[in-house]
There are 2 protein chains.
Amino acid sequence: MAGANLPAMRSHNTALVLDLLRTAGEGGISRLELAERTGLTPQAVSKITARLREEGLAAEAGRRASTGGKPATVLRLVPDAGHAVGIQLDRDELRAVLVELDGTVVAARHAEVDLGAGAEAVLGAVVELAGELVERGGDTLLGVGVGAPGPLDHTHGVLHRVTGFPEYDGFPLRDALAERLGVPVVVDKDSNAAALGLAVGGEGGSFACLLLGTGLGAGLVIGDTVHRGARTGAGEFGHQVVQLDGPPCHCGDRGCIEALCLAAVARGDVAEAARVLGVGASNLAGLLDIDLVLLGGRTIAAAPEPFVRGVAAVLDERARREGGLGTTIPVRVAPGGDRGVAEGAAQLLLAPLFGRADG
Amino acid sequence: MAGANLPAMRSHNTALVLDLLRTAGEGGISRLELAERTGLTPQAVSKITARLREEGLAAEAGRRASTGGKPATVLRLVPDAGHAVGIQLDRDELRAVLVELDGTVVAARHAEVDLGAGAEAVLGAVVELAGELVERGGDTLLGVGVGAPGPLDHTHGVLHRVTGFPEYDGFPLRDALAERLGVPVVVDKDSNAAALGLAVGGEGGSFACLLLGTGLGAGLVIGDTVHRGARTGAGEFGHQVVQLDGPPCHCGDRGCIEALCLAAVARGDVAEAARVLGVGASNLAGLLDIDLVLLGGRTIAAAPEPFVRGVAAVLDERARREGGLGTTIPVRVAPGGDRGVAEGAAQLLLAPLFGRADG
DNA sequence: CTACTTTCGCAACGCTGTTGCCAAAGTGCA
DNA sequence: TGCACTTTGGCAACAGCGTTGCGAAAGTAG
């Protein structure tokens, strides 16, 4: 509920243009194309791009072949005009990346860590790993993004009860890190970070990013925006109940997807794990009418095909039941590999520049 | 992905002010209060409200007691400056209402109908019932909104496979009605219409509106906006699977909430029906982190207390498991009674005036 | 070389919300 | 009653946004 004024309009349009420049990548994009895609007049685009070039965020990059008249000048984002550090803080390891405006990773670090060693030790390890990258970012560093196991409070950057490590409940990770590093810090759930990274990376529309590793979580992107919900706790996919009065879960409930899935994995029954995951994905797809399901996390990485096949089978069946009008929802392995969360965490700071209200 | 210009900014701010006027109701609201709530300057608000008064949409309505200076002039929405007709098209009955800008119902009609009698007969019944109301709306009529059983295509106003009446699959309800009535028509799922009505009626934030009647559907409001999903099919709550390999559902799957719930109702076990509904609501609440669950529909209306109690019990347990930081999600009966869907359907045309992108 | 197309910037413009200022209409106190 | 003060709200000038009108630049086509 905010009123709009001229500066707001200007920054909106600037972000729009900047996002198109980013999406265009190395190939670049012409002013007229920018005008068409934004709905603005060519003259407005010229003014906006002139400002961006003055600020060093954009640059001319050659010309395109003529189509019968004056050849178009290609504009490009200047990637190193801004940087962000992204960190994945997992239960047993730490990953950090330094990325440029266009998402390119220019440095990466990795370390082992034990959450059980206490907040002070973990914080020290993060600062050590990220400190160097922060320095390399220099003046153009926008800040540090952290993806951590949920649930947590994204707005305030406070951890909640991390499964297996209850002592972190209420730990103000964001403020502690911001003080030590001296730069802005944003904290989000690892699955949300991964989802944001994929959304910025080109997955349009609405999709779910399911991460199966030591736990099971979901990042939901609805209409190009990460959906976090009222208390930023959305995406509790692991504890969706799909079997009334089923086997007990460590969360205290019964028949949770996570419990069924991890148990099946533990006894080597990948097909059943995939089927359970598929039922959960199918529920989610029906409820939210999403376009795509992406699977990620260590367990998936260890055996991608059977999981993709199993989940797809359940979704196909749903589509078949819905008749001719129902479309099968594609299932894929989330790109990005084991750095997906860290890269997405960096986007927590970069994305707002491009008009994505996910910061 | 649209560029903003001055007219867009103007209509945004106008809608903002208009929505606050509507929300303020009979009590009205002062210019300075509007300025505070929108973030605009008092001068901008003065200009905007002057325009609204010229157009007849707003009017001055007395003064407020002084707080030490010049007393504030109270502004009010002029309710009959605009009208919309809302229709609930159910499997066996028809309801229509004529509502004013502020949501007040100024006329209501009811009729019995049999979907099985064929599209032509049903269309005729709708035209007969709504025609009179459309005329009463006169020049100020914005159009007709229809809430029908899902699934359907909101964007194109085309019905899909209505459970029990497969012959309607592909029926272009919107265009057929628009031609007969000669006014704009918008079609949406009944549960979405009900949810929109509640959102406009004052339920803020994010909530789910679950309708249990001849079927079971959900309307999802996420961040003050009805969430319809990529193919406007979101809210397929009834066929969420909560019991792997459970009893077969008429949809072809097994263990759907709808099947379990309706079976429990059929055998008189309301407590079990409420528990199943509660598990579904709990899944939904965890996945989307919503603020509130509202229950509606005939079956709920017949026995509200046990359903509310049963659903609340499941949600309470989830909150307890999540520990101190988890908040219990309140459960209530959806206000609006048996006209909730029709009134919400009218809002399909009124809401866009107030900046709600649900039209 | 001429005609045409396409790109793109300069200058004037219209319209937005903002700022500076002042009048109006109350309260509170001497 | 009179003066000081607070709050409301409009008038006028203003800055800044995208838009429009127009012309220069830089190609292709014949």
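Every chain is numbered from 1 and lettered A, B, ... according to where its sequence line falls, protein lines coming before strand lines.
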Sorted by chain and residue number, the side-chain hydrogen bond (donor to acceptor under 3.5 Å, both in side chains) partners of Arg31(A) (sequence neighbours excluded) come out as Glu60(A)
Using a 4.0 Å heavy-atom cut-off, write out nucleotides 4-13 of chain D from 5' to 3' as B (base contacted by protein), S (sugar-phosphate only) or - (no contact).
-> --BBBSBBB-
All side chain to side chain contact (heavy atoms under 4.5 Å, CB included) counterparts of Ala4(A), not counting sequence neighbours | Met9(B), His12(B), Asn13(B)
Quick one: list whatever passes salt bridge (Lys or Arg N to Asp or Glu O under 4.0 Å) with Asp291(B), sequence neighbours left out.
-> Arg231(A)
Per the end-axis method with five pairs at each terminus, what is the bend angle of the helix from dC1(C)-dG30(D) to dA30(C)-dT1(D), to 10°?
-> 0°
Between Val74(A) and Gly27(A), which heavy-atom pair has the shortest distance, and what is it?
-> CG1-O, 3.4 Å
Go through the structure and list residues passing side-chain hydrogen bond (donor to acceptor under 3.5 Å, both in side chains) with Thr104(A), not counting sequence neighbours.
-> Asp102(A)
Partners meeting side-chain hydrogen bond (donor to acceptor under 3.5 Å, both in side chains) with Arg10(B) (sequence neighbours left out) | none
Considering non-hydrogen atoms only, spot the tightest contact between Thr232(B) and Asp289(A) and give its length.
-> N-OD2, 3.1 Å
Under 3.5 Å, which donor-acceptor pairs link side chains of residues 41-52 of chain A to any protein atom two or more places apart or in another chain?
unit_1	atom_1	unit_2	atom_2	d
Thr41(A)	OG1	Ala44(A)	N	3.3
Thr49(A)	OG1	Val45(A)	O	2.9
Thr49(A)	OG1	Ser46(A)	O	3.1

Check every strand shown and say whether Ile48(A) touches a base, only sugar-phosphate, or nothing at a heavy-atom separation below 4.0 Å.
-> sugar-phosphate
Distance in angstrom units between Ile29(A) CD1 and dT7(C) C1', rounded = 15 Å
Who are the salt bridge (Lys or Arg N to Asp or Glu O under 4.0 Å) partners of Arg22(B), not counting sequence neighbours?
-> Asp19(B)
Could you give the CZ-to-P distance, from Arg63(B) to dA24(C), as a whole number of Å?
-> 13 Å
Just distance, no hydrogens or angles: give the donor-acceptor pairs under 3.5 Å from side chains in residues 77-87 of chain A, sequence neighbours left out.
unit_1	atom_1	unit_2	atom_2	d
His83(A)	ND1	Thr140(A)	OG1	2.6

Contacts of type side-chain hydrogen bond (donor to acceptor under 3.5 Å, both in side chains), residue Arg64(A), not counting sequence neighbours | Glu33(A)
Stretch residues 4-12 of chain B: residues that reach within less than 4.0 Å of DNA chain D through a heavy atom = Ala4(B), Asn5(B), Leu6(B)
CG of Leu40(A) versus C1' of dC8(C): gap in Å, rounded?
-> 15 Å
Given dG18(D), dT19(D), dG17(C), the nucleotide with the shortest approach to the side chain of Asn13(B) = dG17(C)
